[in-house]
> 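What follows is a structure written as structure tokens; I'll ask about it next.
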Amino acid sequence: MSLSHPLTLPSYRRRSPPMSNLHIATNSSSFTMSPESTSLNFRHILTAALLFATVSLSCLLLFRDADYSYFSSSYSFPRFPTGFPFASDDSVATSNEYPLEKILNEAAMEDKTVILTTLNDAWAAPNSVIDLFLESFRIGVHTRKLLNHLVIIALDQKAFIRCQAIHTYCFLLVSEGSDFREEAYFMTPRYLKMMWRRIDFLRSVLEMGYNFVFTDADIMWFRDPFPRFHHSADFQIACDHFTGIFDDVHNRPNGGFNFVRSNNRSIQFYKFWYSSQETYPGYHDQDVLNFIKIDPFINDIGLKMIFLDTANFGGLCEPSRDLNQVCTMHANCCYGMDSKLHDLRIMLQDWKHYLTLPPSLKRLSIISWRVPQKCSLDSLKTSGSPEKSVEED
């Protein structure tokens, strides 16, 4: 909180009546005060007034400092519309690094790892995607504690306000001339711009020295994924289709979920990835990643890229079949918000049912996902309306 007007004490002037006319009544008799006694009395009153003013000023200053200290250390930072003017120009980004660095530092694990997701107004409405996302953390196996390390990056003011109402760590990312409030329809100019801004933003997080797990908000977290990550990888990413080999470039990666360690290799890779949009104009970040994953530059910088098994990190494109192994499930390969919400709710119901089973039945893997339903691959193939939103990331 900032104080727009400095605190000042009101100033009072004591007006004394003429000494020659001052009388005080006592026991029905009157007497006239002498000039010497009047002067002494006035000095006593003046001393008391000055003492009162000094104490009052000290209290006000202490209150102001305590108030500022509370808000400057508040986890829900910032409580006022402070944004991170986003641009690929490092000089512009650097001028606003302190607010972002502060919240990343508050949310980071001991090894400087944070969990990041983005949110716009379309996904922020009550009972919408963000609520299901947070619910999955609360009911997952060893996932509730991970909410302490989750930072929600709001892409518009409404999403930021909603975030502050439901989560601890919120950051408003603003971009001059861009409006990401509404649902971004797949492959529209606004969708492409939002995806590429995300890549550039993640690069800036790496440059600050933070590792991150980036997750789309339409991914349900059912188990702590960290034990399933590869310790030696610089960049590891979920897949729409997994070939069965972790380093096979024929895997089809999905940019909605990845774990990246901050080092020179990963920073160079994100810069290369972002700049490659000029080489492949009109493509979104995921398509461009498929192009550049075999580029000699990856080997030149020594980046170790790993593709995550869909058995642990599944999605509607290729669901995890064993609920004993699943960590995350992504509502990818899906048209439209209504379809996405329907299938996400079914996912959560299936998971809750699984948790009620005794251990012996869990081991038998007697239940499986009832999805996709409205997000079925058949509807994905037959739908051709440009007005429908497809979320493949």
> A side-chain contact here means heavy atoms from C-beta on lying under 4.5 Å apart; do Leu202 and Arg198 qualify?
yes
> Verify the ring-centre separation between Phe257 and Phe214: is it less than 6.0 angstrom?
no
> Between Trp273 and Tyr270, what is the ring plane arrangement, given parallel below 30°, perpendicular above 60°, and tilted in between?
tilted
> Around atom CG of Asp295, are there more than 12 heavy atoms from other residues, nucleotides or ligands closer than 6.0 Å?
yes
> Ion pair present between Lys340 and Asp218, side-chain N to carboxylate O less than 4.0 angstrom?
yes
> Is there a donor-acceptor pair closer than 3.5 Å between any side-chain N or O of Asn324 and the backbone N or O of Lys362?
yes
> Anything under 30° is parallel, anything over 60° is perpendicular, the rest tilted; go ahead and classify His167 against Tyr169.
perpendicular
> Is it the case that Asp322 and Ser365 place a side-chain donor and acceptor less than 3.5 Å from each other?
yes
> For a side chain to side chain contact (heavy atoms under 4.5 Å, CB included) check, start with the C-alpha distance between Phe307 and Asp247, then their side-chain angles and the critical distance, and finish with the verdict.
CA-CA 6 Å; Phe307 301 93; Asp247 58 356; 5.6 Å; no
> When you check the side-chain N and O atoms of Asn290 and Lys293, is any donor under 3.5 Å from an acceptor?
yes
> Within the side chain of Gln164, is there an N or O that forms a donor-acceptor pair under 3.5 Å with the backbone of Cys170?
no
> Any carboxylate oxygen within less than 4.0 angstrom of a Lys/Arg side-chain nitrogen, looking at Arg252 and Asp287?
no
> Is the count of non-hydrogen atoms from other residues, nucleotides or ligands lying under 6.0 Å from His230 atom NE2 greater than 12?
yes
> Under 4.5 Å between any side-chain heavy atoms of Trp221 and Phe133, yes or no?
yes
> Do the side-chain N and O atoms of Asp240 and Asn254 include a donor-acceptor pair separated by under 3.5 angstrom?
yes
> May I ask you to decide if the ring planes of Phe229 and Phe226 are parallel, tilted or perpendicular, using 30° and 60° as cut-offs?
perpendicular
> Does atom CD1 of Ile294 have more than 12 heavy-atom neighbours, drawn from other residues, nucleotides or ligands, at distances under 6.0 Å?
no
> Does Lys304 qualify as a cation-pi partner of Phe235, given the criterion of NZ or CZ under 6.0 Å from the six-membered ring centre and within 45 degrees of its axis?
no
> How far apart are the C-alpha atoms of Arg345 and Glu135, what are their side-chain angles, what is the distance that settles it, and do they pass the salt bridge (charged side-chain N to carboxylate O under 4.0 Å, His left out) test?
CA-CA 10 Å; Arg345 292 183 179 120; Glu135 182 182 356; over 6 Å; no
> Please enumerate all residues that pass ring pair (Phe, Tyr, Trp, His ring centres under 6.0 Å) together with Phe297, with sequence neighbours excluded.
Phe272
> List in chain and number order the residues that pass salt bridge (charged side-chain N to carboxylate O under 4.0 Å, His left out) with Arg370, two or more places apart in sequence or in another chain; answer none if no residue qualifies.
Asp350
> Begin with the C-alpha distance, continue with both residues' side-chain angles, and end with the deciding distance and a verdict on side chain to side chain contact (heavy atoms under 4.5 Å, CB included) for Trp196 and Met194.
CA-CA 6 Å; Trp196 285 113; Met194 185 166 64; over 6 Å; no
> Using a strict SG to SG cutoff of under 2.5 Å, would you count Cys317 and Cys333 as disulfide-linked?
yes
> Measuring from atom CD1 of Ile115 to atom CG of Asn211, what distance do you get when rounded to the nearest 0.5 angstrom?
12.0 Å
> Report yes if the side chains of Leu348 and Leu132 come closer than 4.5 Å at any heavy-atom pair, otherwise no.
yes
